[in-house]
Enquirer: 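For reference, the structure I am asking about is given below.
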Amino acid sequence: MTKGLPATGDQRRSQLLRGVLDLCLLSLIAERPRYGFEFVAALADNGLDLVSEGSIYPLLARLEREGLISSYRAPSASGGAPRKYYRLTEAGRAELVSGRAVWHAFSGRVGRILTDTEPTGGNAP
């Protein structure tokens, strides 16, 4: 799913991203139809540069099998081979709305725990 992971911080980020990558892709598609490499670039532009192109396509295929996205071919602006673009279905829009609500609730709770707790300095048995 990810590029090389030399640091523990990168491994943690990779694990966190794995749980929400489908929602990130749905959100990017909701913005506008996109083709494969555009997802990698958009994720990297938003600081999620751990995702490789090879991990995007299987996830897009799964989302399409689940009926959350559909695809179509369109000519390449550069004159190359036609590109496969992805767009949301109504089921995909509903999944994105639901997923965003779950994410916001979950991340808010985790944020409170990580922000509001302080180390005591002692090790309890």
Enquirer: If you measure from CZ on Arg62 to CG on Asp22, what distance do you get to the nearest 0.5 Å?
Expert: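 The CG atom of Asp22 is 5.5 Å from CZ of Arg62, to the nearest 0.5 Å.
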Enquirer: Distance from Leu25 atom CG to Leu68 atom CG, nearest 0.5 Å?
Expert: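 That separation rounds to 11.0 Å.
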Enquirer: May I ask whether Tyr57 and Leu26 are part of the same hydrophobic cluster, defined by side-chain heavy atoms of I, L, V, M, F, W, Y residues being less than 4.5 angstrom apart, directly or through others?
Expert: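 Same cluster: Tyr57 reaches Leu26 through Ile, Leu, Val, Met, Phe, Trp or Tyr contacts under 4.5 Å.
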Enquirer: Write down the atom of Tyr35, the atom of Lys84, and the distance for their closest heavy-atom approach.
Expert: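 Looking at all heavy atoms of both residues, the closest pair is CB-O, 3.2 Å.
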Enquirer: Please report the shortest heavy-atom distance between Ser76 and Ala81, naming the atom on each side.
Expert: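 Of all heavy-atom pairs spanning Ser76 and Ala81, the closest is CB-O, 3.3 Å.
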Enquirer: Does the side chain of Leu43 reach to within under 4.5 Å of the side chain of Leu28, using non-hydrogen atoms?
Expert: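 Yes, their side chains come closer than 4.5 Å.
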Enquirer: To the nearest 0.5 Å, what is the distance between CD1 (Ile29) and SG (Cys24)?
Expert: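 Reported to 0.5 Å precision, the distance equals 11.5 Å.
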Enquirer: Around atom CZ of Phe106, are there more than 12 heavy atoms of other residues, nucleotides or ligands at under 6.0 Å?
Expert: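 Result for CZ/Phe106: open.
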Enquirer: Roughly how far, to the nearest 0.5 Å, is NE2 of His104 from CZ of Arg100?
Expert: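 It is 7.0 Å, given to the nearest 0.5 Å.
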Enquirer: Which atom names give the shortest non-hydrogen contact between Pro33 and Arg87, and what distance separates them?
Expert: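 That would be CG-CB, 4.4 Å.
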Enquirer: Taking it one step at a time, do Leu60 and Phe39 satisfy side chain to side chain contact (heavy atoms under 4.5 Å, CB included)?
Expert: CA-CA 10 Å; Leu60 290 169; Phe39 292 104; 3.8 Å; yes
Enquirer: Identify whether the distance between the nearest side-chain nitrogen and carboxylate oxygen of Arg83 and Glu38 falls below 4.0 Å.
Expert: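 Result for this pair is no, no salt bridge flagged.
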Enquirer: Hydrophobic cluster membership, with links at side-chain heavy-atom distances under 4.5 Å among I/L/V/M/F/W/Y: are Val102 and Leu21 in one?
Expert: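 No, Val102 does not connect to Leu21 through the hydrophobic network.
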Enquirer: Quick one: CG on Leu88 to CD on Glu31, what's the gap to the nearest 0.5 Å?
Expert: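 So the gap between those two atoms works out to 11.0 Å.
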Enquirer: Grouping I, L, V, M, F, W and Y whenever their side-chain heavy atoms are under 4.5 Å apart, do Trp103 and Val97 come out in a common cluster?
Expert: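 In one cluster: no.
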Enquirer: Name the orientation class of the two ring planes belonging to Tyr72 and Tyr85 (parallel below 30°, tilted from 30 to 60°, perpendicular beyond 60°).
Expert: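 Tyr72 and Tyr85: parallel rings.
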